[in-house]
Amino acid sequence: MNYLKLRAMEYREKKALMNSIFKEYRKAKQVIAREFKSYPDVMYNKIKESNASYNKAESSLLKYLDQKQSAQELICKIDMVLSELSIDARRVIEHDFILQDKQAYWWEEYYSRSTYYRIKKDACLKVLFKLLC
C-alpha cells in the first residue's frame, strides 16, 4: 500500500484499520504478560517418550513460544513507530487506540477541537504508512 492510497482512504476506513492493528497490539501485550502455566505432570520413574500428556504439553509449550515470539516482534515494530511520532501524536494514538480512553473529551485540556482532529488525522496516516508500507 502506498502513500497515495492511504491518503485516499476515508477516515472511517483508517480508523477501522488502526483499531484492528492496536487490538492485535493489546493482545500481544497480554500474551507477553501471560506466563506459560501448562507444565506436564512428570513422574520421573515413569517417563516415556510416547506419553500423550507429555507430548501435548510439549506441543502447547512450542505453540506458546511461537506466539510469544510473534507478539514480541509486533510490539517492537509498533513501539518503534510510536517512538518516531511527536509527543502530541503519540498522546492521541495512546488515548484513542491503545488505551481506548472511555472519557469522551479527554483532549479538551490539551488541544482545541480542530487541533485534536488534525493531529489525530496526521498521526493515523503516519502510523499506517510506517506499518503498512
Legend entry - Plane angle bin for Trp106 and His95 - parallel if under 30°, tilted between 30 and 60°, otherwise perpendicular: parallel

Inset, instruction - Would you check if Val92 and Tyr117 make a side-chain contact, meaning some heavy-atom pair closer than 4.5 Å? - result: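 The answer is no; the side chains never approach within 4.5 Å.
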
Inset, instruction - Using side-chain contact (heavy atoms from CB on, under 4.5 Å) as the criterion, list what pairs up with Ser112, not counting sequence neighbours. - result: Ser114, Thr115

Inset, instruction - Taking side-chain contact (heavy atoms from CB on, under 4.5 Å) as the test, write out the residues that go with Glu73, two or more places apart. - result: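 Result, side-chain contact (heavy atoms from CB on, under 4.5 Å) vs Glu73: Gln69.
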
Legend entry - Residue list, side-chain hydrogen bond (donor to acceptor under 3.5 Å, both in side chains) with Asp79, at least two apart or on another chain: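 With neighbours one apart ignored, the set is Tyr25.
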
Legend entry - Other residues, nucleotides, ligands: >12 heavy atoms within 6.0 Å of Lys126 NZ: no

Nearest 0.5 angstrom please: [X] [atom1] to [Y] [atom2], how far?
X	Y	atom1	atom2	value
Met80	Ile75	CE	CD1	14.0 Å
Lys15	Asp96	NZ	CG	7.5 Å
Ser70	Leu65	OG	CG	11.0 Å
Tyr111	Arg118	OH	CZ	10.5 Å

Any idea which heavy atoms bring [X] and [Y] closest together, and the distance?
X	Y	answer
Arg90	Leu85	NH2-O, 3.0 Å
Lys130	Glu84	NZ-OE1, 2.7 Å
Lys14	Leu125	NZ-CD1, 4.0 Å
Cys133	Leu6	SG-CD1, 4.1 Å

Legend entry - Qualifying residues under salt bridge (charged side-chain N to carboxylate O under 4.0 Å, His left out), relative to Lys63, sequence neighbours excluded: none

Legend entry - Those residues that, when tested against Arg12, pass salt bridge (charged side-chain N to carboxylate O under 4.0 Å, His left out) (two or more places apart): Glu10

Legend entry - Backbone N/O of Phe97 and side chain of Arg26: donor-acceptor pair under 3.5 Å: yes

Legend entry - Charged N-O contact under 4.0 Å between Glu94 and Arg91: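 Not counted as a salt bridge, because no side-chain N and carboxylate O are separated by less than 4.0 Å.
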
Inset, instruction - Check whether the side chains of Lys120 and Tyr11 place a donor and an acceptor atom closer than 3.5 Å, and report yes or no. - result: yes

Inset, instruction - Would you kindly say whether Tyr116 and Asp88 are connected by a side-chain donor-acceptor distance under 3.5 Å? - result: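 The answer is no; no qualifying pair exists.
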
Legend entry - Residue list, ring-ring contact (aromatic ring centres under 6.0 Å, His included) with Phe129, at least two apart or on another chain: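 ring-ring contact (aromatic ring centres under 6.0 Å, His included) check on Phe129 returns Tyr3.
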
Legend entry - Evaluation steps, side-chain contact (heavy atoms from CB on, under 4.5 Å), between Leu132 and Leu17: CA-CA 11 Å; Leu132 301 177; Leu17 193 54; 3.5 Å; yes

Inset, instruction - May I ask whether Tyr110 and Ile87 are part of the same hydrophobic cluster, defined by side-chain heavy atoms of I, L, V, M, F, W, Y residues being less than 4.5 angstrom apart, directly or through others? - result: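 The answer is no; the residues belong to distinct hydrophobic clusters.
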
Inset, instruction - Is it possible for you to say whether Ile93 and Leu74 belong to one hydrophobic cluster, with membership spreading through side-chain heavy-atom contacts below 4.5 Å? - result: yes

Legend entry - Steps toward side-chain contact (heavy atoms from CB on, under 4.5 Å) verdict (Ile98, Leu82): CA-CA 11 Å; Ile98 297 174; Leu82 292 176; 3.6 Å; yes

Inset, instruction - Quick one: do Ile119 and Ser86 satisfy side-chain contact (heavy atoms from CB on, under 4.5 Å)? Show the steps, please. - result: CA-CA 10 Å; Ile119 291 171; Ser86 68; 5.7 Å; no

